[in-house]
Amino acid sequence: MSKSPVINTCSSNRKIIPNDYNPNAVAPPEMKLLYDSIKADGYTMPIVCYYDEASDHYIIVDGFHRYRIMKEYPDIYEREKGIYRFQ
């Protein structure tokens, strides 16, 4: 799998942070399935963010679990060239 098709849609990806209000919890088996899917097919859905001027960051609106996969799995992070460069 080459680099994912949705990567590089945000010009300031170093400033992406999770929101602090996401109540959605995912069980470990489902996170493993998401990892397997991203490993096989790449990121097919973007991590959607909005820009918060006060903090000068892009805050995740949709895609927190996709964000977690890149943050927690070095193989995915390396394959995607660390595009999200987490804080």
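What you see is a predicted model; the values in this text were computed from it and never measured. Values below: every heavy atom of this structure, side chains too, minus hydrogens, waters and symmetry copies.
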Pairing residues for Asn19 by the side chain to side chain contact (heavy atoms under 4.5 Å, CB included) criterion, not counting sequence neighbours: Tyr21, Asn22, Ile59

Carboxylate-amine/guanidinium contact Arg79 Asp75, below 4.0 Å: no

Which residues share a side chain to side chain contact (heavy atoms under 4.5 Å, CB included) with Asp20, sequence neighbours left out: none

Stepwise side chain to side chain contact (heavy atoms under 4.5 Å, CB included) test for Asn24 and His65: CA-CA 9 Å; Asn24 187 357; His65 299 104; 3.7 Å; yes

Side chain proximity check, Ile17 to Ile60, heavy atoms < 4.5 angstrom: no

Atom pair OH/CD1 of Tyr58 and Ile47 - distance to nearest 0.5 Å: 14.5 Å

Straight-line distance of Met45 CE to Ile38 CD1, nearest 0.5 Å: 11.0 Å

Shortest non-hydrogen separation from Ser55 to His57 and the atoms involved: O-ND1, 2.8 Å

All pairs passing salt bridge (charged side-chain N to carboxylate O under 4.0 Å, His left out) where residues 44-57 contributes a residue, at least two apart: Lys15-Asp56

Residue pair Leu34, Val26: steps toward the side chain to side chain contact (heavy atoms under 4.5 Å, CB included) verdict: CA-CA 10 Å; Leu34 179 58; Val26 174; over 6 Å; no

Ala27: side chain to side chain contact (heavy atoms under 4.5 Å, CB included) partners, not counting sequence neighbours: Pro29, Glu30

Plane angle bin for Tyr73 and Tyr35 - parallel if under 30°, tilted between 30 and 60°, otherwise perpendicular: parallel

Same apolar cluster (I L V M F W Y, side chains within < 4.5 Å links), Tyr51/Tyr67: yes

Heavy-atom donor-acceptor pair, Arg66 side chain to Tyr43 backbone, under 3.5 Å: no

